[in-house]
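Owing to the predicted nature of the structure, the values given are computational and were not obtained by experimental measurement. These values consider heavy atoms only, across backbone and side chains, with no hydrogens, waters or symmetry-generated copies.
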Amino acid sequence: MPQQTTEDARTGGAPSPSTTPSPSPSTKPSPSPPPSSPSAGSGYRRLFRLPGTRAFTAGNLIARLPMGMFGVSAVVMIAGSRGSYALAGAVTATGLAATGLAGPWIARLVDRYGQTRTAVPATVTAVLGSLALLLCVRYDAPDWTLFAAYAATAATPNIGGLSRARWTHLLRDDPGALHTANSFEQAADELCFMLGPVLASFLTGTLFPEAGTLTGAVLLLGGMLLFTAQRATEPPPAARSKGPSPLRSRGIPPLLACFVATGAVFGSMEVVTIAYADAQGHRAAAGAVLALQAAGSCAAGLVYGALKPAGLRLGHCLTGMAVLMTLPWLAAWATGSLWVLAGALLPAGMATAPTMVTAMTLVQRRTPAGRLNEGMSLVVTGLLTGIACGSATGGWVVEHLSPTTAYAVPVAAAALALVLAVLTRAGAGTAAAAPAAA
């Protein structure tokens with residue numbers, strides 16, 4: 001989920017002052033970028049030719065994978081030991097709430113002191129929280145200790161945001177390449193949240209209940225140490241940012257409102273799909289069915305990054321998401337088949353990544369200089385808030401009406417995001433064609 005950076009107000013990194021005199025009006029245009037430029041040739045291949053990008057991406061992906069593991073692992077571990085899904089759900093909900101509160105504060109420290117000085121101790125704190133939870137469950141500690149231990153995991157930095165911060169710093173003069181990098185990062189998010197629950201379920205089911213949490217903690221710490229070891233690509237800290245809080249920056253609050261509504265799409269879809277699969281007698285297949293939605297989003301994100309469609313606005317993406325979210329609803333209502341529903345979830349996810357990439361690029365452009373990690377962390381807070389609201393609303397409709405009817409909840413949430421964007425002009429401007437400098 002759990003996105004952050006430390007540079008210029010538009011792109012997260014103002015270009016260094018040039019010592020070359022400005023060309024006169026009669027000067028011929030500069031030649032096109034050489035083949036080594038990430039904006040030339042095939043975008044992704046050129047992107048990873050930049051020095052250090054492969055190493056920090058590998059470390060970040062290793063550290064990011066546990067983000068899709070911890071929730072499932074905690075639920076299985078706690079419910080299996082204490083016999084209560086209500087307790088397991090309450091503990092994980094506490095962790096989400098704590099993350100939403102702590103995220104912007106940790107991101108502000110990243111902006112001020114740099115990634116390595118902040119992210120490493122924060123990650124160690126989170127890992128200790130995961131290990132404490134494991135021990136509390138293993139040795140039958142009182143229930144309140146589970147809440148305290150899991151709340152400590154909120155210290156986990158916004159891992160995807162740290163990676164986006166580096167891309168924003170490296171590609172501050174190349175908005176086209178930055179669009180490709182943001183698309184890659186969104187696809188990586190989807191991949192991690194697609195594979196994480198599957199890995200967690202496998203480990204907890206075939207080894208022992210604590211295996212998912214233990215493996216996630218090891219991956220998180222190891223990946224973060226590898227990521228932060230790549231100092232050459234780390235954005236410089238902004239010790240005393242003079243920029244206002246992102247919450248007071250023009251254009252940011254409307255975007256955050258759209259992120260809350262978008263989070264409600266994710267949260268409600270997950271709960272409703274699990275309930276629908278359970279009603280069909282295939283609850284064990286719910287994870288695989290949901291993975292198809294993430295797979296659709298992952299594929300769409302990679303294509304979106306490679307094509308860089310000109311003139312595409314946030315409103316266009318939200319319209320696509322609102323339309324595509326009707327497909328699962330129609331599949332469930334018209335057929336009552338889990339497998340037809342699974343087929344509908346694949347295209348339904350295809351508007352998610354373009355929506356997130358476009359909105360995230362707008363956040364990068366609008367956040368004040370030196371506050372970008374904080375601004376992008378607020379996005380995560382908005383998404384987590386929406387996920388919690390969507391989960392609660394979807395669960396209520398499932399319980400009081402039916403799982404089929406509950407598929408109207410993600411449709412309504414997507415429509416709400418579109419209405420908010422139109423009324424507040426949140427998507428004014430084309431993110432992909434943003435200027436490169438402040």
Specify the closest pair of heavy atoms between [X] and [Y], including all atoms of both residues, with the distance to one decimal.
X: G315; Y: L418; answer: O-CD1, 3.7 Å
X: A152; Y: G129; answer: CB-CA, 3.9 Å
X: A322; Y: V411; answer: O-CG1, 4.5 Å
X: L61; Y: A188; answer: CD2-CB, 3.6 Å
X: P235; Y: Q115; answer: CD-NE2, 3.7 Å
X: A154; Y: A102; answer: O-CB, 3.9 Å

Worksheet entry | Set of residues satisfying ring pair (Phe, Tyr, Trp, His ring centres under 6.0 Å) with respect to F48, sequence neighbours excluded | W167, F184
Nearest 0.5 Å, what's the [atom1]-[atom2] distance between [X] and [Y]?
X: L214; Y: T204; atom1: CG; atom2: OG1; answer: 12.5 Å
X: L203; Y: T215; atom1: CG; atom2: OG1; answer: 4.5 Å
X: L318; Y: M325; atom1: CG; atom2: CE; answer: 11.0 Å
X: R64; Y: L191; atom1: CZ; atom2: CG; answer: 9.5 Å
X: M67; Y: L220; atom1: CE; atom2: CG; answer: 5.0 Å
X: L346; Y: L341; atom1: CG; atom2: CG; answer: 11.5 Å

Discussion item. Using side chain to side chain contact (heavy atoms under 4.5 Å, CB included), reason through L47 and L171 one step at a time and then give a plain yes or no.
Written reply: CA-CA 9 Å; L47 205 63; L171 305 173; 3.7 Å; yes
Is there side-chain contact between [X] and [Y], with heavy atoms separated by less than 4.5 Å?
X: T228; Y: T123; answer: no
X: Y139; Y: L134; answer: no
X: P236; Y: H169; answer: yes
X: L384; Y: T381; answer: no
X: L178; Y: R172; answer: no
X: I62; Y: F227; answer: no
X: L225; Y: V120; answer: yes

For residues 251-272, dump all side-chain donor-acceptor pairs below 3.5 Å to protein atoms at least two apart in sequence or in another chain.
unit_1: T262; atom_1: OG1; unit_2: C258; atom_2: O; d: 2.8
unit_1: S268; atom_1: OG; unit_2: A264; atom_2: O; d: 2.7
unit_1: S268; atom_1: OG; unit_2: V265; atom_2: O; d: 3.2

Discussion item. Does R108 qualify as a cation-pi partner of Y113, given the criterion of NZ or CZ under 6.0 Å from the six-membered ring centre and within 45 degrees of its axis?
Written reply: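 No, cation not above the ring by the 6.0 Å, 45° rule.
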Within the distance-only criterion (no hydrogens, no angle test), does the side chain of [X] pair as donor or acceptor with the backbone N or O of [Y] below 3.5 angstrom?
X: S297; Y: A353; answer: yes
X: E185; Y: S163; answer: no
X: T358; Y: T355; answer: no
X: N60; Y: I159; answer: yes

Discussion item. Going by the rule side-chain contact (heavy atoms from CB on, under 4.5 Å), which residues pair with T145 if we only count those two or more places apart in sequence or in a different chain?
Written reply: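 For T145 the side-chain contact (heavy atoms from CB on, under 4.5 Å) partners, ignoring immediate neighbours, are C136, A141, P142.
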Practice prompt. Could you pull out all residues at least two apart from V137 that satisfy side-chain contact (heavy atoms from CB on, under 4.5 Å)?
Written response: M77, I78, S81, L133, L146
Practice prompt. Decide whether S130 and Y150 meet the rule of one side-chain donor and one side-chain acceptor closer than 3.5 Å.
Written response: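 Result is no, nothing qualifies.
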Fill in: Side-chain H-bond candidate by donor/acceptor type, Q230 with R166, under 3.5 Å
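Judged by distance alone, the side chains do not pair up.
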Worksheet entry | Residues in salt bridge (Lys or Arg N to Asp or Glu O under 4.0 Å) contact with R231, at least two apart in sequence or another chain |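 E234.
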Worksheet item: Is the shortest side-chain N to carboxylate O distance from D174 to R46 below 4.0 Å?
Response: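 Salt bridge between D174 and R46, a charged N being under 4.0 Å from a carboxylate O: no.
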Worksheet entry | Sequence neighbours excluded - salt bridge (Lys or Arg N to Asp or Glu O under 4.0 Å) pairs with any residue from residues 207-221 | R138-E210
